[in-house]
Structure formats: C-alpha cells, structure tokens
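Some notes on the structure that comes next.
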Amino acid sequence: SKSGQVICASRETGQIYWIRELNSLEGLSKRQLKKERKRPTVWSSPILASNQLILGSSKGQILALNPKTGATEKSLEVKDAVLIGPIAVDGMVYFASDDANLIAIR
C-alpha cells in the first residue's frame, strides 16, 4: 500500500492472512521521526521469486519476505533508491535503480 504495508489476501475470498508494516516508526529518535514524516519511505511492488516476496525502497533497502508469514528473511542495503518493481529471470532478480544502475541478486 502507499502507507508501506504488504498485505497477503486470498484471491478468491479477499480474506486477509497477514499484514506487514514496513515503515514502522517505533524506536526512532525525534530527529529521525521528523525526517521520516517529512519524506516517508516508498516501496516498489513486490515479486514472488524463489519462494520469497522481494521488493525495494526509496531509501535503498531490498527485502525478501516469507510469503506465508510476512517475516523478513533477508535484507540488503544498496546505495540507490529502487522503486521500479523487480523482475526475475533464470534464478536472478533484477532491480533498476532511480540512478539507472542495474542491481542483480542471485
């Protein structure tokens, strides 16, 4: 969602299985809170690849989530914002950064 939630729901019934808040403000200092509220983190659309939901953020974070629980399985920091949804080809996941860099992850 635009507010930073990943929501897992049934395609047939719409039943919600889990919701994962990616932009949690807990534990942030007052300075960090002010900065985050001024310019909140935006997330790309996810892709399901290698049994993981994979998505990137406007602050250069790439996450791999467990599709059954929403728990973070892997996290990677890159130097560029990655807002275009990733693609998967031959066991690789590719992100195009906002600075036109190609990021390939196996």
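Starting from 1, each residue takes its place in the sequence as its number.
Between the side chain of Ser44 and the backbone N or O of Gly85 there is no donor-acceptor pair closer than 3.5 Å. Within the 3.5 Å criterion, the main-chain N or O of Lys74 finds no donor-acceptor partner in the side chain of Thr72. Checking side-chain atoms of Asn23 against main-chain N and O of Thr41 turns up a donor-acceptor pair under 3.5 Å. Asp99 places no side-chain N or O within 3.5 Å of a backbone atom of Asn101 that could act as its donor or acceptor partner.
Through direct or indirect side-chain contacts shorter than 4.5 Å among Ile, Leu, Val, Met, Phe, Trp and Tyr, Met92 is connected to Ile87, Val89, Tyr94, Leu102. By the 4.5 Å side-chain criterion applied to Ile, Leu, Val, Met, Phe, Trp and Tyr, Trp18 is assigned to a cluster that also includes Val6, Tyr17, Leu22, Trp43, Leu48, Leu53, Leu55, Leu63, Leu65. Side-chain contacts under 4.5 Å among hydrophobic residues (ILVMFWY), followed directly or transitively, place Ile19 together with Ile7, Ile16.
For residues 46-56, no residue pair satisfies the salt bridge (charged side-chain N to carboxylate O under 4.0 Å, His left out) rule, not counting sequence neighbours. Judged as a salt bridge (charged side-chain N to carboxylate O under 4.0 Å, His left out), not a single pair has a partner in residues 1-11 (not counting sequence neighbours).
A heavy-atom distance below 4.5 Å is found between the side chains of Pro67 and Asn51.
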Checklist line | side chain to side chain contact (heavy atoms under 4.5 Å, CB included) between Ile105 and Ile103, intermediate numbers included | finding: CA-CA 7 Å; Ile105 302 169; Ile103 301 164; 4.2 Å; yes

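Every residue meeting the salt bridge (charged side-chain N to carboxylate O under 4.0 Å, His left out) condition with Lys59, not counting sequence neighbours, appears here in chain and number order: Glu36.
Considering all non-hydrogen atoms of both residues, Gln52 and Ala64 come closest at OE1-CB, 3.7 Å.
No hydrogens or angles considered: nothing links the side chains of Thr69 and Arg20 as a donor-acceptor pair under 3.5 Å.
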